[in-house]
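Taking it in order: structure first as structure tokens, then the write-up.
Just so you know, ligand 1 is whichever comes first in the structure, and atom 1 is the first atom listed for that ligand. We number each residue from 1, following the sequence as shown.
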Amino acid sequence: MIKVAPSILSADFANMGRDVKRLAGWGADVVHFDVMDGSFVPAITFGAAMCRAVRPYTELPLDVHLMVEHPETQIEAFQEAGANYLTIHVEADRHAHRTLQKIRAAGMKAGIALNPATPVCMVEAALEVCDLVLVMSVNPGAGGQKFIYGVLEKIERLAQLASVHGYTYEIEVDGGINAETAALAVQAGATMLVSGSSLFKAKDPAVLVGQMHALDKVKEK
Ligand code: DX5
Ligand code: ZN
């Protein structure tokens, strides 16, 4: 099953509870939560306090994408705030394997993210402790950017490694996802689609979510 993860980076920050509440009605599977610290990426968004604040507004899992330095310092705060997935960037953590283990020990699903310039071999030795691998298809830091087609090969490689080694991690693609790029990503092996601007700007977001879910069947053919 393909999971659709709307990114609340494109929501109305002044009405975050209201916007998070709407996502289940769109048919979304998880809520993608972009944390930026002004250091790993220039922008600053929100942190664990926002996660705690929106938690009562949805029963969907919260999929936290940490674009922060020293992500290991955030584990406890996000666990207490009700996060379900916690994803760190391999470029931000010299001890990614240990941090992933700590995330799992805290009861959350552990994810590792790769920037567009980072090859799959940088995370290969940590895949055994990953529940999710997030392939950035834009450079992190902002919504509304164009999809980088070169990352499709990395998604294929991650799918191949999963089948060779029997890994069960989800493969999430993040950035520039619309109906067309979603199809390419799923064809390559992506199982979770993050979409910010395309979904939030859609006339009927539920229709676009439905189209993304249906890509599963296209792949089976
Ligand atoms: C970018 C974020 C993405 C972003 C996606 O740094 O990680 O989650 O919100 O937004 P769109 O879909 O607009 O590219
Ligand atoms: Zn993200």
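Protein heavy atom at the shortest distance from atom 6 (O) of ligand 1 is Gly141 N, 2.8 Å. When hydrogens are left out, the protein atom nearest atom 12 (O) of ligand 1 is Gly196 N, 2.8 Å; that is the closest non-hydrogen contact. The closest protein non-hydrogen atom to atom 1 (C) of ligand 1 is Ala142 O, 3.6 Å. In terms of protein heavy atoms, atom 9 (O) of ligand 1 is closest to Ser7 OG, 2.9 Å. Closest to atom 10 (O) of ligand 1 among all protein heavy atoms lies Gly143 CA, 3.6 Å.
Val41 and Ile88 end up in the same hydrophobic cluster when Ile, Leu, Val, Met, Phe, Trp and Tyr side chains are linked at under 4.5 Å. Under the 4.5 Å side-chain heavy-atom criterion for Ile, Leu, Val, Met, Phe, Trp and Tyr, Ile112 and Tyr167 are members of the same hydrophobic cluster.
At least one N/O-N/O distance between His65 and ligand 1 falls below 3.5 Å. For ligand 1, one of its N or O atoms has an N or O atom of Gly176 under 3.5 Å away. At under 3.5 Å, not a single nitrogen or oxygen of Ser195, backbone or side chain, sits near a nitrogen or oxygen of ligand 1. Ligand 1 has an N or O atom lying under 3.5 Å from an N or O atom of Gly144, backbone or side chain.
Numbered from 1 in the order shown, with element, the atoms of ligand 1 that lie under 4.0 Å from a heavy atom of Pro140 read 6 (O). Close approach of ligand 1 to Gly175 (heavy-atom distance below 4.0 Å) involves ligand atoms 14 (O). Distances below 4.0 Å separate heavy atoms of Met36 from the following atoms of ligand 1: 6 (O). Every atom of ligand 1 with a heavy atom of His32 under 4.0 Å away is listed here by number and element: 8 (O). If you number the atoms of ligand 1 from 1 as listed, the ones under 4.0 Å from a heavy atom of Asp174 come out as 2 (C), 3 (C), 4 (C), 5 (C), 7 (O), 8 (O). Under a 4.0 Å criterion applied to the non-hydrogen atoms of Val194, ligand 1 contributes the atoms 8 (O).
Within Asp34, the N, O or S atom at minimum distance from the Zn ion (ligand 2) carries the name OD1. Looking at His65, its N, O or S atom nearest to the Zn ion (ligand 2) turns out to be ND1. Of all N, O or S atoms in Asp174, the one lying closest to the Zn ion (ligand 2) is OD2.
Remark: the backbone N or O of Lys21 is not paired with any side-chain donor or acceptor of Thr58 at under 3.5 angstrom. Between the Lys154 side chain and the Pro116 main chain, a donor and an acceptor come within less than 3.5 Å of each other. Listed for the Thr45 side chain is a donor-acceptor partner under 3.5 Å among the backbone atoms of Met36.
Contact annotation: for Ser197 versus ligand 1, heavy atoms closer than 4.0 Å belong to both the backbone and the side chain. The proximity of Ser198 to ligand 1, defined as any non-hydrogen pair under 4.0 Å, does not occur for either the backbone or the side chain.
Taking the six-membered ring for Trp and thresholds of 30 and 60 degrees, Phe13 and Phe46 have ring planes inclined between 30 and 60 degrees apart.
Side-chain atoms of Arg157 and Gln160 include a donor-acceptor pair closer than 3.5 Å. Side-chain contact, His213 with Asp29: a donor N or O sits under 3.5 Å from an acceptor N or O. Side-chain contact check for His65 and Asp63: no donor-acceptor pair (N or O, by modelled atom type) lies under 3.5 Å.
Between Glu170 and Lys3 there is a salt bridge, with a side-chain nitrogen of the basic residue lying less than 4.0 Å from a carboxylate oxygen of the acidic one.
Side-chain contact between Met136 and Leu134: present, with at least one pair of heavy atoms (C-beta onward) separated by less than 4.5 Å. Inter-residue side-chain proximity for Trp26 and Val4 is flagged as unmet; no heavy-atom pair is nearer than 4.5 Å.
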